[in-house]
Amino acid sequence: MFLKSVRLLVTYISYVKVELIDAYYYFNYSTLKVRKKNNENLSAQIIAHVHSIERAFSLKNTRDTFGIELVDSLNKLISQIDDESKYEYELKIFNSAIKEYNNYHNIHNNYDSRISPYKDYKHKKSCLKSLYKDIVRGRHSVRDFSNKSISDLSVLKSIAMAKNTAPSVCNRQGWEVVLVKNKEKIENVLNLQSGNSGIENIQNIIVVSSDLTSFFGLNERNQPYIDGGIFLMSLLNSLHYNNIASCTLNWTVDRKQDSKLKKLLNIKNSKVVIALVALGSYDEDAIKIASSYRKPLKSILKIVE
Ligand SMILES: Cc1cc2nc3c(=O)[nH]c(=O)nc-3n(C[C@H](O)[C@H](O)[C@H](O)COP(=O)(O)O)c2cc1C
């Protein structure tokens, strides 16, 4: 009994130690403590600001007054660029967003861009013969759902397809999906989440979570997020394949907010919520989607020969 308690205490202390080391790295490299000297977070901050502008253009009803403070702080970020050659991608998407923003607000345009922060999207129905390439490249976050009802069967098929295809550590499949169909509950869930403003006609919400009971030892402490994230991606593609439009909604909240969601949906404390997914139907007409331009390959790839 005594030995067992000592072992437990040692494990607990080891856990606190590794968490403190994690916290050290997060504190040093995330925006919690921007390392001014290198300004390494500038790119991520610019991209997130630009995305908020392109996101606004992808809504059914873009607010007339959107973006005033956002553009102000985006300009401040851009003014911190000391070497433009290192920020070609960021400047490209910035110019496109500001050009469109100025057009929208009838502001004289000094900006020129050959790309646009939004694209027209017309859903091409997927079927058995659809090519993999068309499914994965045709999936986009949709924030302009139509009011046509989605098929319950297609939602269930998508969840089944995701669980049958997503890989996980030792095939442990430590994930859970909560499908929220009740209108009032959907409203309550959306009120707890911060990234759904302007999205209408959400018919279902899926809460993707990982179950901590599936993970072993100290070194798997981040595995719930990895397996849960892989499942999420698999689900998004499966939904698209089954002609269900979706938009992932972040669940980056504090414990208090997390507890409110868990209480509302009766989710156990052993679950780690990875993200929410808003489901709706594709419009038959063309809609606008955020362009979400990706970085060039060379900026994310390092080859070791
Ligand atoms: C974990 C995660 C959280 C997200 N949260 C939100 C959100 O709260 N609101 C939103 O409108 N979009 C959200 N998105 C959608 C992203 O903005 C979108 O995936 C990204 O711009 C790439 O575009 P795509 O999904 O069309 O390829 C989220 C995406 C992920 C993966």
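Note that the structure is predicted; figures quoted are calculated from it, not measured. The analysis underlying the following values was restricted to heavy atoms, covering all of them including side chains, and did not include hydrogens, waters or symmetry mates. We number each residue from 1, following the sequence as shown. Both counts, for ligands and for their atoms, begin at 1 and track the order of listing.
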Under a 3.5 Å cutoff, is there a donor and acceptor pairing between the side chains of [X] and [Y]?
{"X": "Thr213", "Y": "Ser270", "answer": "no"}
{"X": "Ser158", "Y": "Asn242", "answer": "yes"}
{"X": "Tyr15", "Y": "Glu19", "answer": "yes"}

Give the protein residues with at least one non-hydrogen atom closer than 4.0 Å to an atom of ligand 1, ordered by chain and number.
->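 Within the 4.0 Å shell of ligand 1, which is judged on heavy atoms, sit His51, Arg55, Arg139, His140, Ser141, Arg143, Gln193, Gly195, Cys247, Thr248, Leu249, Asn250, Ser292, Arg294.
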Spell out, yes or no, whether Leu279 and Ile287 are grouped together once hydrophobic residues are joined by side-chain heavy atoms under 4.5 Å, including indirect joins.
->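 Unlinked, Leu279 and Ile287 end up in two clusters.
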Under a single-linkage rule joining Ile, Leu, Val, Met, Phe, Trp and Tyr whose side-chain heavy atoms are separated by less than 4.5 Å, which residues share a cluster with Phe2?
->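 Reading the cluster by chain and number, Phe2 sits alongside Val6, Val10.
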Could you grab the distance from atom OH of Tyr87 to atom CD1 of Ile46, nearest 0.5 Å is fine?
->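 Rounded to the nearest 0.5 Å, the OH-CD1 separation comes to 6.5 Å.
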